[in-house]
Structures are given as structure tokens and as C-alpha cells.
Asks: 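Take this structure first; my questions come after.
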Amino acid sequence: MNTELSKNANNPGTNADQRSLVDPFARPISYLRVSVTDRCDLRCVYCMAEDMTFLPKADILSLEELDRLCSAFVDLGVRKLRLTGGEPLVRKNIMWLIRRLGRHLDTGALDELTLTSNGTQLARYADALADAGVRRINISLDTLDPNKFRAITRWGDLDQVLDGIAAARKAGLAIKINTVALRGVNDDEIDRLIAWCGECDFDLTFIEVMPMGEIGEQRLDQYLPLSMVRADLLKRWTLTESDHSTGGPARYFDLEETGQRLGFITPLTHNFCESCNRVRLTCTGTLFMCLGQDDAADLRAPLRAGEDDALLAEAIHEAIGRKPKGHDFVIDRRSNAPAVGRHMSVTGG
Ligand code: SAM
Ligand code: SF4
């Protein structure tokens, strides 16, 4: 369902007063996701190769530079910031950046400051996150079975994540669990995950595995179309399509039996690009205008060219003017190569 988007060829990337970002297909860009590090304390099999090579520390922007970049986007009308990674909570002094960005919540310039995390460090950080103004958090969890968890993450400890989730809950953070649907791995646990999230009052979103980066495994073996998951769920649960939207890629369904909301992110079986409101910044200052395309803009050079943000704003407008209509993800027997060479951890999903 790819609705035709009208191309605003006369005015790409800008609106009249230059204080907001609108892409060539008239989509307002109000959401920035920032991968604050490409490093992670886990190695999920669909995300990274076991022997990942990480960026040299010298290439990574400082926290001060990340603050300046994020703040430039806020000045240009971005209303929502999500920190991700790699694992955002393994970046040294990350709370400094989060507290610093919290000032935009205080002024009302930002509606939401949030994170996507694997949960391993949450027991340590949950209270500080809540203090800094974070109200909700997405936590990735693909299984409730400790052995499977270790196999999926290559060495993770499920209890550490469950403790982190408990701490986040205690700190009053609203929690959404993200689960990547993996054929032959967690397809038998879908009902259990739904029931557990229902009991804990967590939202739950299922994600289709996306063909990003070489991972030393066959994507086709991992890929479980969510259309199949949903069809199977309908045999046991009553799902009604909901008009709830976060302006993002998920389609939501209300689950009558538990009163929960279930999300489905289906880049492969249902293209979601027509409502895309987001761009992604890496920890080296590269801006990706689309998760599924290679085109990118370097913001580090204009950032470092001087203290004035004018050059930076110009570079951001120019980049938004190049935002493509959508991605071309496909996983089948003929196209088993990654759609893009970079791993998900570069842009953080
Ligand atoms: N480390 C954090 C975490 O796991 O939540 C944040 C970064 S992680 C790259 C963000 C999300 O991307 C996670 O929910 C993860 O499951 C998902 N992800 C990673 N690689 C993926 C892939 N190839 N296809 C679909 N989702 C993927
Ligand atoms: Fe790390 Fe998140 Fe990727 Fe898993 S999905 S390896 S936790 S970045």
C-alpha cells in the first residue's frame, strides 16, 4: 500500500521560514533518532556478526558535539528525540547528554526524549533517566527463555534484562517491548510474550527482520513474515485494527482479551514509508535520510567548521531535500544480500 506522494520540487527540504523541515514529498520531519555509539554489550544474531569491528573512538563525536547537533535539529522543529545505538547506555557519561538534552523538554521545544535499549544497564540508570525527563522507553526482548536469550544475543543474561525492566517500571517509565520475529526461534513464544506484556501492562511491537549488514547468517532462515504471525494469532485472539499512530512505521491492533495494543513493524510485507517523519544520525555525525537506503549527508564537517550553527542548518536542509520516497527492502531466495551494507547498530533502527 504505497500511496503516491506529491513531490514538492520547487521547495525541497525547507518551508518558507526555514525553521522547520519538510522533505521533497511534503512529509514534515519532526523525529530524530540518534545512534550515540555503535558499540554494544550484546551481539544479537540478526543485528551483528560475532566478530564485529567497531568504529575507532577517534571517529566518534563527543557528547558536547552530539548535544549541539541534536539541538540544531530541535531548533529546526524536531519534536522527538530517540537515543539508540548500539546500546546507548554503554556510552560513557551518557547521562550527561540525556540531562543536557532534557533542557529542551523544560522549554517545551521538545515533546519527547526517549531511548531504545537492550535493558542490560537499566537497573543502574532507570531512576536517573526518569529524573532527566524520560517518560517512556523501548526495550528489545525477543524471548523469555534464558537459554534462547543467550543464543540470540550470543552471551546475554536474561535475568539482567528482566531486572532492568523491573527497575524501569519502578521508576515510573512507560515500557514498550520490541520483539524481532525469528523463524524457528521465537515463533512458538508469541502468545507467551503477549500474555506477559499484558500482565505487566507493557505495549508490545513485533518487528520483521530487515536485511541490513552482513551478519554471517542467512537472513532467509531468520525471516518470519508478520503477516503469517498475525494470521496465526487470529486463530486465538481477537485483533481489531486501531487508528492509533505514532507517526511511525508500526500498525497497531487492539487485543480484545487483554486490552493491550499490539504493534507490527512490517517493512517487508507492508511498506510504511508514506508517513515517514524521521531521519537518523550516527555517532560520527552522518545523517541517513532513510533506514533502507545508502544516501547520507556528512554533518560533522559543518559542525566542526565553526561555532555558528548557520552552516549546520544549511547542511541539514540540504540533506532533508534529498530524503528518498522509501526503502526497497526485500528478502527472498534471489536477493539474500543485505539491502544496505551497514548494520542496524549504525543507525539504531
Ligand atoms: N541496543 C538497543 C536495542 O537492542 O534495543 C538499541 C539498538 S538496536 C539496533 C534497535 C532495534 O533494532 C532493536 O529492537 C533490535 O531488535 C532491532 N534490530 C537490530 N537489527 C535488526 C534487523 N536486522 N532487523 C530488524 N530489527 C533489527
Ligand atoms: Fe546490541 Fe541492540 Fe544490536 Fe542486540 S539489537 S546487538 S542489543 S544493538
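Counting convention: from 1, in listed order, for ligands and their atoms alike.
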Asks: Using heavy atoms and a threshold below 4.0 Å, how should the contact between V180 and ligand 1 be classified: side chain, backbone, both, or neither?
Replies: side chain

Asks: Quick check on M48 - does any of its heavy atoms sit under 4.0 Å from an atom of ligand 1?
Replies: no

Asks: Check whether any N or O atom of Y46, backbone or side chain, sits under 3.5 Å from an N or O atom of ligand 1, and answer yes or no.
Replies: yes

Asks: So, 4.0 Å and heavy atoms of G86: is ligand 1 close enough to count as a contact?
Replies: yes

Asks: Hey, which atoms in ligand 2 end up nearer than 4.0 Å to a heavy atom of N118?
Replies: 7 (S)

Asks: Could you report the tightest heavy-atom contact between D41 and R43, atom names first, then the distance?
Replies: C-NH1, 4.4 Å

Asks: Thinking salt bridges, do E112 and R136 make one under a 4.0 Å N-O criterion?
Replies: yes

Asks: Pair E274, R27 - check salt bridge (Lys or Arg N to Asp or Glu O under 4.0 Å), show working.
Replies: CA-CA 8 Å; E274 67 267 18; R27 295 171 297 195; over 6 Å; no

Asks: Name the orientation class of the two ring planes belonging to F206 and F264 (parallel below 30°, tilted from 30 to 60°, perpendicular beyond 60°).
Replies: tilted

Asks: May I ask you to check whether C40 brings an N, O or S atom to under 2.8 Å from atom 1 (Fe) of ligand 2?
Replies: yes

Asks: Looking at every heavy atom in both A305 and L311, which two are closest together, and how far apart are they?
Replies: CB-CD1, 3.7 Å

Asks: Would you check whether G86 reaches within less than 4.0 Å of ligand 2, judged by its heavy atoms?
Replies: yes

Asks: For C47, take its heavy atoms, then give the atoms of ligand 1 lying under 4.0 Å from any of them.
Replies: 19 (C), 20 (N)

Asks: Is the charged tip of R79 near the ring of Y31: under 6.0 Å from the six-membered ring centre and within 45° of its axis?
Replies: no

Asks: Checking side-chain polar atoms at under 3.5 Å, does T120 have a donor or acceptor matched by the opposite partner on N118?
Replies: yes

Asks: With a cut-off of 2.8 Å, does any N, O or S atom of C44 fall short of it relative to atom 4 (Fe) of ligand 2?
Replies: yes

